Peer 1: 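Below you will find the structure I want to go over with you.
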Amino acid sequence: RFTSVLHDEL
Amino acid sequence: MNVFRLAGDMSHLLAIIILLLKIWKTRSCAGISGRSQLLFALTYTARYLDLVTNWVSLYNTVMKVFFIATSYATIYLMYLKFKATYDSNHDTFRVEFLLLPVTILALVLNHEFSFMEILWTFSIYLEAVAILPQLFMVSKTGEAESITSHYLFALGSYRLLYIFNWIWRYYTEEYYDLIAIIAGVVQTVLYCDFFYLYFTKVLKGKKLQLPA
């Protein structure tokens, strides 16, 4: 598993 | 997406374009810190590895590819094509003093102890301080060309605009990311002194020159 956090910004 | 976020991204885009045009048109990277540019390339590489694992939107993907590609293009221009014009004896900031604490901080203060998330956190902390070698170079030489000042102003404005975006998102979506917010505030604060000089000198047609 890499990550469960989602980043939608740059 | 809101107007602050879009304005922030456009400001970031503009900064990169100004820098590349300056180097290309003058055939020189004098006054630009290669060390800051290396840190930015490291920042975008660490953050945008999620290009392959996480799809947000076409906009996000295009911007990420642009930021990664232009950061390496800048390094190519500075360290290979126009190497003779690179002011390396004024670019002496010790980047290990940034990399070491930032790495430790990313390992300790993160949302989740996973590979991609630690890379993301590392990139957020690193971006906050990546401009320090450049600001150090300006203070060491005591001056900056106008075009370099415009570059720094656009680059500094980008995270300031993101702060307004985070305030907006907090009230409209109840969304907030403390790591990004705190690092973004630190990043913006580092530019304050420069912003002051930009408004009081550069915009009045004078060269950015520090008092001796």
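Just so we're clear, the structure is a prediction, and the values are computed from it rather than from any experiment. The chains referred to below are lettered A, B, ... by the order of the sequence lines, with proteins before strands, and numbering in each begins at 1.
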Peer 1: Quick check on B:Trp55 against chain A: is it the side chain, the backbone, both or neither that has a heavy atom closer than 4.5 Å?
Peer 2: neither

Peer 1: Give a yes or no on this: more than 12 heavy atoms of other residues, nucleotides or ligands lie within 6.0 Å of atom CZ of B:Phe164.
Peer 2: no

Peer 1: For B:Tyr59 and A:Leu10, work out which heavy atoms get closest and say how close.
Peer 2: CE2-CD1, 4.2 Å

Peer 1: Which of parallel (below 30°), tilted (30 to 60°) and perpendicular (above 60°) describes B:Trp120 and A:His7?
Peer 2: parallel

Peer 1: Where on B:Tyr44 is there a heavy atom nearer than 4.5 Å to chain A: the side chain, the backbone, both, or neither?
Peer 2: neither

Peer 1: With only heavy atoms counted, which part of B:Asn60 is less than 4.5 Å from chain A, the side chain, the backbone, both or neither?
Peer 2: both

Peer 1: Taking side chain to side chain contact (heavy atoms under 4.5 Å, CB included) as the test, write out the residues that go with B:Leu51, two or more places apart.
Peer 2: B:Thr61, B:Lys64, B:Val65, B:Ile68

Peer 1: Applying side chain to side chain contact (heavy atoms under 4.5 Å, CB included), name anything that partners B:Tyr175, two or more places apart in sequence or on another chain.
Peer 2: A:Asp8, A:Glu9, B:Arg169, B:Glu173, B:Asp177

